Amino acid sequence: MDYRGPYRVRATEKPHPVIEHPEDCIVRVTRSCICGSDLHLYHGLVPDTRVGSTFGHEFIGIVEEIGSEVQKLKVGDHVLVPFNISCGRCAFCKQELYGNCHESNPEATAVGGIFGYSHTAGGFNGGQAEYVRVPFADVGPTVIPPDMDPDDALLLTDVVPTAYQACEMGGIKKGDTVVIFGAGPIGIMAAKCAWLFGPSRVIVIDHIDYRLEFVRNYAPCEAYSFKEMDDVVEFVKKTTDWFGADVCIDAVGCEASGDGWQTLTGRKLLIQAGSATALHWAINSVKKGGIVSIVGVYGPTGNIIPIGNVVNKGITIRANQASVKRLLPRLIEHVQSGRLNPKGIITHRIPLEDVADGYRIFSEKMDNCIKTVLIPPSAKR
Amino acid sequence: MKNKIIDATKIIGWGVDADPENEPTYPIKKYTGDDHKRSQWTRPSLQPAKVEILKSTERPYLPAVFGTPYPPRALSGVFRRLAFTFSESMNRRWLLLILADRMDVVEGLISDVLHARFPNLVKERGLGVMLKHKPGMFARKVAIRLVILGLIGGIVYYNKRKNNL
């Protein structure tokens with residue numbers, strides 16, 4: 001996969017990646033996904049996205065080559081690779097903040113290294129390719145349990161951990177009402193994961209009808225279109241005895257629809273770091289003293305949000321990139337026990353050679369697309 | 001006036017209400033109590049920088065690993081280097097990077113042509129699949145572009161005529 005500019009990608013031959021650090025390994029990719037946050041790159045919204053870059057931070061594959069200091073992995077292992085690149089020994093990794101590693105991103109301190117997510121996230125090539133260089137091979141990559149479906153493993157690299165951590169950060173208690181903004185893959189999976197924490201109601205709000213229908217059945221949960229509401233916040237208040245939700249989750253991020261002013265300033269004019277409509281709604285919909293959990297991706301500059309209401313309502317805001325490595329043992333258990341069925345959200349399988357079509361289908365929400373998997377040519381042989 | 005070094009432990013009441021159990025970031029963060037020894041870890045081996053790596057001004061040295069593809073190049077590279085002289089807190093850093101990204105697109109097109117590779121814009125933009133699944137959207141996008149091109153053409157034509165009069 002080769003990024004050529006906003007809304008332009010192609011499949012092309014590139015040099016085979018090489019070991020550049022003694023703790024690297026080279027993985028032959030067997031499957032990768034297009035993530036909702038890849039669309040921010042595809043749309044040209046992430047600064048320092050250089051032409052020629054290969055995206056893709058959700059992938060699994062076979063270890064083909066290991067560096068001289070790699071001890072735990074061996075050639076031939078089938079591994080799932082968390083999207084965060086983490087050293088496992090800096091102050092942040094030691095506190096299990098694997099998404100905040102201090103040894104994997106020279107270009108920005110606000111985020112750790114991420115595969116295929118621009119030079120703002122370290123400048124690493126991603127997994128929408130046949131081969132990929134994976135740093136710190138003994139830290140992130142995890143051997144896929146033999147009884148696990150590779151599609152489930154693929155979604156454990158980002159979607160499930162991000163959705164689960166959104167719920168965890170929400171501090172959901174038994175009996176709570178949880179409102180999730182966004183019915184993309186993360187929002188759908190967050191609705192599924194939320195039940196693991198014991199709420200009495202899970203409500204998803206979006207405007208794409210086929211996705212609302214999907215999450216209503218998959219999670220299962222209540223799902224509403226904001227197109228049918230006069231005022232989203234008033235709707236949430238009304239449905240929660242006029243108090244507001246206990247927990248609100250922003251699973252949309254910087255490309256939210258629903259507010260013309262936010263869309264104009266955040267997505268068209270780029271004078272704020274994306275459209276913060278979902279976050280705005282989350283802050284205003286949560287109860288006093290409630291928790292807003294953010295996993296939607298925003299840019300590095302500023303956003304227009306009602307911060308005064310955060311103060312006056314005593315809201316706790318919690319946010320982070322998912323700490324995939326920390327969550328994997330528990331999530332593998334959930335998948336193996338059947339409590340979570342990640343592969344159920346996959347709707348499209350596309351050859352890597354047709355990556356441009358894959359991006360366009362996902363970006364424009366065509367053909368009832370929820371989650372797209374890319375299959376490299378070498379995986380088909 | 002010079003700031004004095006303060007020994008916090010000498011301040012009356014220092015730490016009396018400190019509660020290590022009150023850790024609002026748990027479980028995202030495993031509280032180890034080591035926050036203030038944070039710079040003392042054994043660093044991994046360091047990747048040699050064989051290409052130009054731009055480094056944030058908010059860190060003193062390169063991290064142990066980094067991506068090496070696509071070092072800064074051409075005019076976009078000049079703007080990227082300039083951007084990296086500002087901290088991550090400055091909007092101008094990010095705006096310069098966005099500007100560099102757009103220049104890079106043009107440089108990419110030039111590079112394609114110089115390497116005798118003419119980009120298939122219909123394929124690269126996934127327009128075929130859009131025509132198949134959302135012909136209405138496809139038609140709307142084409143119409144909008146035609147209107148914009150028509151307007152630009154009209155303005156150019158009008159100015160040319162005006163100058164010729």
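Please read these numbers as outputs of a predicted model, since none were measured by experiment. By convention in this document, chain letters (A, B, ...) are assigned in the order of the sequence lines, proteins followed by strands, and residues within each chain are numbered from 1.
Both the backbone and the side chain of E96(A) have a heavy atom closer than 4.5 Å to some heavy atom of chain B. Residue Y98(A): no heavy atom, backbone or side chain, is found under 4.5 Å from chain B.
Between D354(A) and K123(B) there is a salt bridge, with a side-chain nitrogen of the basic residue lying less than 4.0 Å from a carboxylate oxygen of the acidic one. For R4(A) and E124(B), the salt-bridge test fails: no basic side-chain N is under 4.0 Å from an acidic carboxylate O. Salt bridge D101(B)/R50(A): absent, no basic N to carboxylate O contact under 4.0 Å. Between D48(A) and R93(B) there is no salt bridge, since no side-chain N of the basic residue sits under 4.0 Å from a carboxylate O of the acidic one.
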Legend entry - side-chain contact (heavy atoms from CB on, under 4.5 Å) assessment of S53(A) paired with Y70(B): CA-CA 7 Å; S53(A) 301; Y70(B) 325 111; 4.0 Å; yes
Inset, instruction - Any chance you could lay out the side chain to side chain donor-acceptor pair (under 3.5 Å) test for T68(B) and R133(A), step after step, and finish with the verdict? - result: CA-CA 11 Å; T68(B) 52; R133(A) 170 195 168 210; 4.9 Å; no
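Between E107(A) atom CD and L97(B) atom CG the span is 9.5 Å, to the nearest 0.5 Å.
Put simply, of P135(A), G123(A), C90(A), the one with the most heavy-atom pairs under 4.5 Å next to chain B is C90(A).
In this structure a side-chain-to-backbone donor-acceptor pair under 3.5 Å is present from E88(B) to T109(A). Remark: the backbone N or O of L97(A) is not paired with any side-chain donor or acceptor of K29(B) at under 3.5 angstrom.
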